[in-house]
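Here is the structure we will look at.
Reckoned from all heavy atoms, side chains included, excluding hydrogens, waters and symmetry mates.
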Amino acid sequence: MLTIRDLTLHYGGSQILHGIDLDARAGEVTCIMGNNGVGKTSLLKAIAGTHPRSGGSLRLDGRDLPVLRPEAMAREGVAVVPQGRMIFPLLTVTENLQTAFALQPRPHRIPEEVYDLFPVLADMAHRRGGDLSGGQQQQLAIARAMMMKPKLLLLDEPTEGIQPNIIQQIGRVIRYLRDKGDIAIVLVEQYFDFAYDMADHVYVLRRGAVDVSGTRDELGRERMRQAVSV
């Protein structure tokens, strides 16, 4: 679904990413790991178009894509659940979900699948997004991304600051989306046990470059833990 070759990214005069090669397949979770500051979120921004890549190629669902703005990447099938969630605090839960309709043809309807996976969103449909807890906001952000019917789902630290029971629910939803088989999921995650449980394929970044990569079975728990501890 996603093929990246020799991707580079700069912030001003500073090079942040150095020749990244990455593949993310439909029906799999591709996990990007590494310590703070190694370029994980920057890589997601480069894929999503939030910060334009400086060089390299990006191929999505068989098509080579030029550097595009984020709204154009969304139309190509890229959905993002950003770090910090970025829900609209003054809009209701329903209105937040309805923002996903901007990319879809009419008629517009929130699918029951959303409420089956996240029952709390049905219970709080008329509450403002800013009044929800952090865990509830994270569920809302994931549900909104799902409604875009993406080919590629980018998740940036979905467990950050979330209580354990919500983390378990988020894990179940990620597995459900993976098992549908038509979405490639790229997960940036610091919580090692969650990342290990979710990952089919792992890329560990160090200083803006891929340091270690392989399937979870190839790397194993201890090598993965060692790689992210360096």
Side-chain angles (χ1 to χ4, degrees), residues 1-9 15-35 38-68 70 72-83 145-146 148-158 171 174-190 192 194-221 223-228:
M1 184 62 76
L2 173 70
T3 301
I4 291 172
R5 293 293 178 265
D6 200 27
L7 185 145
T8 58
L9 182 141
Q15 185 167 354
I16 306 301
L17 299 177
H18 304 263
I20 300 289
D21 292 345
L22 181 144
D23 295 286
R25 297 171 179 84
E28 293 187 0
V29 175
T30 301
C31 192
I32 302 171
M33 303 179 70
N35 293 324
V38 298
K40 303 185 300 297
T41 293
S42 294
L43 177 55
L44 291 196
K45 289 181 177 180
I47 295 170
T50 308
H51 191 94
R53 64 187 188 273
S54 308
S57 64
L58 188 154
R59 187 174 181 86
L60 180 66
D61 196 20
R63 294 184 58 220
D64 290 315
L65 297 182
V67 176
L68 298 174
M73 290 300 291
R75 291 190 182 94
E76 293 290 341
V78 179
V80 185
V81 179
Q83 191 173 26
M146 283 175 49
M148 295 171 63
K149 300 179 181 177
K151 301 172 184 176
L152 174 66
L153 177 61
L154 307 178
L155 299 165
D156 194 357
E157 302 278 6
I174 293 174
R175 292 188 188 96
Y176 167 80
L177 296 174
R178 177 196 63 195
D179 293 345
K180 290 178 71 173
D182 57 354
I183 302 174
I185 300 170
V186 176
L187 169 68
V188 165
E189 186 54 63
Q190 291 262 50
F192 179 85
F194 183 83
Y196 183 81
D197 288 343
M198 291 292 108
D200 295 292
H201 204 106
V202 177
Y203 291 84
V204 179
L205 300 189
R206 187 179 183 206
R207 296 178 181 174
V210 176
D211 185 46
V212 174
S213 68
T215 68
R216 181 181 65 176
D217 292 340
E218 288 171 346
L219 297 176
R221 177 181 287 270
R223 187 179 175 197
M224 278 179 59
R225 189 184 295 278
Q226 184 179 17
V228 300

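- Here the OG1 atom belonging to T3 is positioned 11.0 Å from the CG atom belonging to L65, to the nearest 0.5 angstrom.
- Every residue two or more places apart in sequence or in another chain was checked for a side chain to side chain donor-acceptor pair (under 3.5 Å) with D217, and none qualifies.
- Judged as a side chain to side chain contact (heavy atoms under 4.5 Å, CB included), and not counting sequence neighbours, the contacts of Q190 are N36, K40, E157.
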Could you pull out every donor-acceptor pair under 3.5 Å between side chains of residues 195-205 and any protein atom, sequence neighbours left out?
from	atom 1	to	atom 2	distance (Å)
D200	OD2	V29	N	2.7
Y203	OH	D23	N	3.0

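- Between L9 and S42, the shortest heavy-atom contact is CD1-O, 3.8 Å.
- A distance of 11.0 Å separates CZ of R5 from CG of L7, quoted to the nearest 0.5 Å.
- Environment of CZ in R75: sparse, with no more than 12 heavy atoms of neighbouring residues, nucleotides or ligands closer than 6.0 Å.
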Scan the side chains in residues 175-184 for donor-acceptor partners under 3.5 Å anywhere in the protein, sequence neighbours excluded, and list what turns up.
from	atom 1	to	atom 2	distance (Å)
Y176	OH	E113	OE2	2.5
K180	NZ	E113	OE2	3.3

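- Remark: K45 pairs with Y11, T41, T50, H51 by the side chain to side chain contact (heavy atoms under 4.5 Å, CB included) rule, at least two apart or across chains.
- Rounding to the nearest 0.5 Å gives a distance of 12.5 Å between CD1 of I20 and CG of L58.
- The closest side-chain heavy-atom distance from V210 to D21 is not below 4.5 Å.
- Listed here is the closest heavy atom pair of L68 and A72: CB-CB, 3.9 Å.
- Residue pairs meeting the salt bridge (charged side-chain N to carboxylate O under 4.0 Å, His left out) criterion with at least one member in residues 47-67, sequence neighbours excluded, are R59-D64, D61-K151, R63-E76.
- Note: T30 OG1 to M1 CE = 11.5 Å, rounded to the nearest 0.5 Å.
- Take R223 and apply the side chain to side chain donor-acceptor pair (under 3.5 Å) test, not counting sequence neighbours, and it matches no residue.
- Partners of S213 under the side chain to side chain donor-acceptor pair (under 3.5 Å) rule, at least two apart in sequence or in another chain, do not exist in this structure.
- When all heavy atoms are compared, the tightest approach of P150 to A79 is CB-CB, 3.6 Å.
- Shown here are the side chain to side chain contact (heavy atoms under 4.5 Å, CB included) partners of S54, two or more places apart in sequence or in another chain: T8, H10.
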Checklist line | Pair L152-I47, side chain to side chain contact (heavy atoms under 4.5 Å, CB included): steps then yes or no | finding: CA-CA 10 Å; L152 174 66; I47 295 170; 3.8 Å; yes
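- For the side chain to side chain contact (heavy atoms under 4.5 Å, CB included) with L153, the qualifying choice from V186, V81, L187 is V81, the only one to do so.
- At least one donor-acceptor pair closer than 3.5 Å links the side chain of Q15 to the backbone N or O of L17.
- Within the 4.5 Å cutoff, no side-chain heavy atoms of V38 are placed close to those of D211.
- Taking each heavy atom of I32 and L44 in turn, the nearest pair found is CD1-CD2, 4.3 Å.
- Applying the side chain to side chain donor-acceptor pair (under 3.5 Å) criterion to R221, with sequence neighbours excluded, gives D193.
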